There are 2 protein chains.
Amino acid sequence: MSRNTIQQDIICSTVKSMSTHPSPDEVFEALHKEYPSIGRATVYRVLNKLANKGEIKKVNLPHTADRFDFRTDDHIHIHCKKCNRVFDVDFHAIEGLIDYLDKVLTLNNPLKINGFEITGANFSFEGICKDCRHNKQDTV
Amino acid sequence: MSRNTIQQDIICSTVKSMSTHPSPDEVFEALHKEYPSIGRATVYRVLNKLANKGEIKKVNLPHTADRFDFRTDDHIHIHCKKCNRVFDVDFHAIEGLIDYLDKVLTLNNPLKINGFEITGANFSFEGICKDCRHNKQDTV
DNA sequence: GTCCATGCAAAGACTTTGCACTGGT
DNA sequence: ACCAGTGCAAAGTCTTTGCATGGAC
């Protein structure tokens with residue numbers, strides 16, 4: 001039912017080579033020079049398909065467009081509200097948080113919160129990144 | 001510098017009367033019959049202004065359009081991925097979470113994570129709500 | 001009278017979709 | 001040969017913006 005195509009391979013390996021949490025358009029731009037025949041709509045469709053298959057992940061951030069992450073392990077993101085970039089949080093003091101969230105989910109799942117079937121929890125930090133703090137005059 | 005207008009009063013009291021976490025369009029629809037002269041753009045502008053002033057809050061949910069909340073106290077939301085509605089989580093087992101997040105923020109703020117100045121943390125649950133679970137045949 | 005806020009429509013950013021065609025199976 | 005996947009353009013959704021007008025101060 002599902003077919004393998006060259007486009008899917010190219011899009012998959014492109015997004016997996018980008019550590020910047022790219023938007024679909026950024027993935028499109030990254031492969032467009034080398035593969036100008038691949039269309040924007042295909043990039044959108046394939047990225048969502050890869051995310052549904054679990055090959056990559058959609059980053060769960062409020063108030064910004066979709067981005068994708070080649071890392072599929074649980075980790076936390078921090079979003080710069082000024083330059084709109086996204087970074088991984090790899091700080092030891094955060095380590096307990098994911099375990100805590102897991103515990104909360106386990107305690108309350110399934111169907112314990114307002115009759116919901118909980119399928120996930122979203123957590124992220126937001127702030128101003130190092131670069132933007134050091135360049136306060138810039139609009140970025 | 002900032003002026004009070006009738007439109008702002010109407011929009012403010014309208015959103016504060018809605019417990020459904022309305023989108024700007026839903027607020028617009030709610031007041032449009034009684035005040036048909038108020039424009040959609042004004043609703044967008046005023047809602048964001050009210051949120052910036054702290055009179056209301058923007059709900060921080062990934063992968064969905066902006067919604068607003070008349071509640072300004074810290075609490076957690078759960079988002080139904082099927083009908084797209086948002087509910088408050090008022091379940092005692094969740095109570096510790098906000099304190100935990102506060103502690104994490106205090107421990108790591110300021111400038112401790114990747115050189116960031118952290119301005120906030122976003123947390124939400126997602127799942128399928130009671131109504132949608134009981135009406136699985138519906139597209140909703 | 002000044003000038004911020006509004007209303008409208010247009011534009012913008014992001015994403016999905018209809019349709020004819022291509023290519024994987 | 002079938003039909004899922006693709007490419008393109010159009011449309012859709014949500015939000016912002018330019019500009020002339022109106023109302024708060």
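Keep in mind it's a predicted model, so treat the numbers as computed, not measured.
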Participant: So, does A:Q8 get its side chain near the phosphate of D:dT6, meaning an N or O under 4.0 Å from OP1 or OP2?
Facilitator: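 Yes, such a contact exists.
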Participant: Checking A:E34 side chain against A:L31 main chain: does a donor-acceptor pair fall under 3.5 Å?
Facilitator: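 No.
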Participant: Can you name the atoms? Protein N/O to nucleotides 20-24 of chain C N/O, anything below 3.5 Å, with the distance.
Facilitator:
unit_1, atom_1, unit_2, atom_2, d
C:dG23, N2, A:R3, NH1, 2.3
C:dG24, O3', A:N4, O, 3.3
C:dG24, N2, A:R3, NH2, 2.8

Participant: To the side chain of B:D66, which of C:dA5, D:dT15, C:dC14 is closest?
Facilitator: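 So the side chain of B:D66 is nearest to D:dT15.
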Participant: Rounded to the nearest 0.5 Å, what's the gap from CG on B:N48 to CD1 on B:I56? Could you check?
Facilitator: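 Atom-to-atom, B:N48:CG and B:I56:CD1 are 8.0 Å apart.
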Participant: Quick one, which residues of residues 39-51 of chain A touch DNA chain D with a heavy atom under 4.0 Å?
Facilitator: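 Per residue number, the list reads A:G39, A:A41, A:T42, A:R45, A:V46, A:K49.
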Participant: Looking only at side-chain N and O atoms, does A:N122 offer a donor or acceptor that is under 3.5 Å from a partner on B:H79?
Facilitator: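 Side-chain D/A pair, B:H79 to A:N122: absent.
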Participant: Is the closest side-chain heavy-atom distance between B:Q8 and B:I11 below 4.5 Å?
Facilitator: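 Answer no - side chains too far apart.
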Participant: Looking only at heavy atoms, what is the nearest atom pair of A:F28 and A:I38, with distance?
Facilitator: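 Looking at all heavy atoms of both residues, the closest pair is CE1-O, 3.2 Å.
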Participant: Does the side chain of A:F123 reach to within under 4.5 Å of the side chain of A:F125, using non-hydrogen atoms?
Facilitator: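 Result yes, sub-4.5 Å side-chain heavy-atom pair found.
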Participant: Rounded to the nearest 0.5 Å, how far apart are OG1 of B:T119 and CD of A:E126?
Facilitator: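 Those atoms lie 4.5 Å apart.
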Participant: Within this structure, what is the CG-to-C1' distance between B:D9 and D:dG23, rounded to whole angstrom?
Facilitator: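 Interatomic distance, CG of B:D9 to C1' of D:dG23: 14 Å.
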Participant: By nearest heavy atom, map A:I11 and B:P24 onto DNA chain D; which one lands nearer the 5' end?
Facilitator: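 The 5'-side residue here is A:I11.
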Participant: If you apply the rule side-chain hydrogen bond (donor to acceptor under 3.5 Å, both in side chains), what do you find for B:H77 with B:N60, and how did you get there?
Facilitator: CA-CA 9 Å; B:H77 295 105; B:N60 295 315; over 6 Å; no
Participant: What contact category does B:S2 fall into here, base, sugar-phosphate, or nothing, at under 4.0 angstrom with non-hydrogen atoms?
Facilitator: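 Sugar-phosphate contact only.
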